[in-house]
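To start, the structure itself, in structure tokens.
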Amino acid sequence: MTSDRVAVTPEAAEQIRRLRAQHGPVMFHQSGGCCDGSAPMCYPAGEFATSDADVHLGDLTVDGQAVPVWMSRPQFEYWKHTHLTIDLVPGRGSGFSLEAPDGVRFLTRSRLLTEEEWKRLDAS
């Protein structure tokens, strides 16, 4: 359920299962602000167009299936020293993210990478 840069809580993984049952494969893009705050936005896979302007942080693994997590390259420059965990909390998130109608929202929890994690990522 984790990669070097991203992880998912059991609660968020359960919501991802529900969303996949409704929408098929999903992906996340960590928003950088504006109208949706700085929330992880969940979309049907491929519906949010990524490009060279985005960084693939890694994949969450839910029931053996990859869920890609992306972030804009400029935002990554600020967050590159952090590990992100996608969690689920009660409340209403952005109307653009798939979980919004369910009365819950995805939330990113962050922590600094350990020195060992940073060295491993920096070497790759």
Going by distance alone, is a donor N or O of one side chain under 3.5 Å from an acceptor N or O of the other, for Glu116 and Thr114?
no
Contact between Asp102 and Gln15 at the side-chain level, heavy atoms closer than 4.5 Å - yes or no?
yes
Please examine the side chains of His56 and Asp54, heavy atoms only from C-beta on, and report whether any two atoms are closer than 4.5 Å.
no
Pairwise side-chain contact, Phe28 with Leu60, heavy-atom cut-off 4.5 Å (strictly under):
yes
So, do Val104 and Glu11 sit near enough that their side-chain heavy atoms are less than 4.5 Å apart?
no
Could you tell me whether a side-chain N or O of Arg20 sits under 3.5 Å from a main-chain N or O of Val62, the two making a donor and an acceptor?
yes
Between His83 and Ala7, what is the shortest heavy-atom contact and its length?
CE1-CB, 3.5 Å
pair Thr9-Ile86: side-chain heavy atoms closer than 4.5 Å
no
Any ion pair linking Glu14 and Arg18 (charged N to carboxylate O, less than 4.0 Å)?
yes
Just wondering, do Trp70 and Met27 contact through their side chains at under 4.5 Å, heavy atoms?
yes
For the pair Arg111 and Glu117, find out whether any cationic side-chain nitrogen is under 4.0 Å from an anionic carboxylate oxygen.
yes
For Pro44, enumerate each residue passing the side-chain contact (heavy atoms from CB on, under 4.5 Å) test, keeping only those at least two apart in sequence or located in another chain.
Glu47, Leu98
Is Arg17 salt-bridged to Asp63, going by a charged N under 4.0 Å from an acidic O?
yes
Close side-chain approach of Phe76 and Pro74, heavy atoms under 4.5 Å:
no
Taking atom CD of Gln22 as the centre, does the number of heavy atoms from other residues, nucleotides or ligands within less than 6.0 Å exceed 12?
yes
Does any part of the side chain of Gln30, heavy atoms only, come nearer than 4.5 Å to the side chain of Gln75, both counted from C-beta?
yes
Are the side chain of Glu99 and the backbone N or O of Phe106 linked by a donor-acceptor pair below 3.5 Å?
yes
List for me each residue that meets side-chain contact (heavy atoms from CB on, under 4.5 Å) alongside Leu84, sequence neighbours excluded, and say none if there are none.
Val6, Leu57, Met71, Trp79, Thr82, Thr108, Ser110
